[in-house]
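A quick write-up on the structure given underneath.
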Amino acid sequence: MRSVTPSPFRPAKPVDQTILKENRKLVESIERRAFLRGTLSLGALTMLTGCDVTNKDATQSVLRAMSAWNDRVQAFLYSPTRLAREYPASKVMWPPRFNAFYGREMVKDVDPGTWKLELAGMIGDKRSWALRDIHALPEVTQRTRHVCVEGWDYIGEWTGVPLKLFLERVGADMTAKYVGFKCIDGYSGSIDMASALHPQTQLTTKYGGAVLHKDFGFPIRLRVATKLGFKSPKQIVAMEVTNNYPGGYWENRRYNWFSGI
Ligand SMILES: Nc1nc2c(c(=O)[nH]1)N[C@H]1C(S)=C(S)[C@@H](COP(=O)(O)O)O[C@H]1N2
Ligand SMILES: [Mo]
């Protein structure tokens with residue numbers, strides 16, 4: 001019989017699973033990215049990292065490091081052509097589910113006649129765009145899954161101008177690192193250029209074939225099928241192409257910047 005030697009991976013004292021519960025957001029983000037589906041345990045964490053994660057501080061810093069590491073690794077592994085799954089019309093939810101960092105009654109009205117999309121940064125033609133000019137551009141429709149970091153999702157149908165086409169039209173520098181957005185409600189967001197050029201990333205004007213309701217982004221919103229919902233700003237008023245990391249509302253509040261799904 002083999003002698004029983006203490007496993008180098010086995011913590012010396014019983015581990016307190018509440019450490020993982022207290023860091024639920026970080027744990028979930030790691031699970032989602034590593035396709036662990038709710039199975040990340042302290043044992044697995046020890047195996048993955050080679051660290052003895054028996055105390056609170058060590059566990060938290062390991063989780064933070066993994067979460068940040070995942071952002072970089074994801075961007076590196078990300079294939080700009082990987083498509084999000086598309087669904088039949090029968091699966092589309094109507095009405096869609098609202099979310100913002102404030103209540104629905106606070107959503108601002110936009111006058112389509114005076115609204116303008118301001119352009120800034122590494123763009124050849126920085127003239128602002130009126131809504132009717134955006135409507136004149138060719139549009140595509142996608143039926144994809146919208147996933148919120150809060151843990152809910154739905155399948156929706158969004159129609160709009162591919163962002164790539166728009167960036168080409170305004171003479172954006174496609175070698176820039178980021179595209180940033182500012183919204184009428186003070187919200188902001190940004191994506192990497194590869195995601196901006198992704199075929200399922202669009203400046204959306206319609207949901208379910210009807211003009212976007214203001215709650216869902218009228219007059220235009222971004223729709224990034226390969227990322228979590230918070231990466232798709234609604235009611236956009238300005239767009240910037242830049243090499244300076246623009247951050248964003250949730251990005252600045254410690255959500256993973258890349259946030260792929
Ligand atoms: N302007 C603006 N855009 C926003 C937000 C916001 O608060 N303001 N919330 C984001 C989040 S967290 C999600 S999940 C989606 C929700 O989009 P929906 O209301 O169309 O489902 O919008 C994103 N875009
Ligand atoms: Mo969200």
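Since the structure is predicted, the reported quantities are computational estimates derived from the model, not experimental observations. One-based numbering, in listed order, for ligands and for the atoms of each.
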Handout entry: Side chains of Thr144 and Arg223, donor plus acceptor under 3.5 Å
Key = yes
Handout entry: Ring centres under 6.0 angstrom apart (Trp257, Tyr178)
Key = yes
Ligand 1: which protein N/O atoms lie under 3.5 Å from its N/O atoms?
from: ligand 1; atom 1: 1 (N); to: Asp185; atom 2: OD1; distance (Å): 3.1
from: ligand 1; atom 1: 1 (N); to: Asp185; atom 2: OD2; distance (Å): 2.9
from: ligand 1; atom 1: 1 (N); to: Lys234; atom 2: O; distance (Å): 2.9
from: ligand 1; atom 1: 3 (N); to: Lys234; atom 2: N; distance (Å): 2.9
from: ligand 1; atom 1: 7 (O); to: Phe101; atom 2: N; distance (Å): 3.0
from: ligand 1; atom 1: 8 (N); to: Asp185; atom 2: OD2; distance (Å): 2.8
from: ligand 1; atom 1: 17 (O); to: Arg221; atom 2: NH2; distance (Å): 3.4
from: ligand 1; atom 1: 19 (O); to: Arg97; atom 2: O; distance (Å): 3.3
from: ligand 1; atom 1: 19 (O); to: Asn99; atom 2: N; distance (Å): 3.0
from: ligand 1; atom 1: 19 (O); to: Lys234; atom 2: NZ; distance (Å): 2.5
from: ligand 1; atom 1: 20 (O); to: Arg221; atom 2: NH1; distance (Å): 2.7
from: ligand 1; atom 1: 21 (O); to: Arg97; atom 2: O; distance (Å): 2.5
from: ligand 1; atom 1: 21 (O); to: Tyr154; atom 2: OH; distance (Å): 2.9
from: ligand 1; atom 1: 24 (N); to: Ser232; atom 2: O; distance (Å): 2.9

Handout entry: Under-4.0 Å salt bridge between Glu86 and Arg143
Key = no
Practice task
Treat each ILVMFWY residue as a node, draw an edge where side-chain heavy atoms are under 4.5 Å apart, and state whether Val140 and Ile236 are in one component.
Solution key: no
Handout entry: Sequence-distant partners of Lys108, side chain to side chain contact (heavy atoms under 4.5 Å, CB included), two or more places apart
Key = Ile184
Practice task
Step through it carefully: locate the ring centre of His135, locate the ring centre of Trp129, and say whether they are under 6.0 Å apart.
Solution key: no
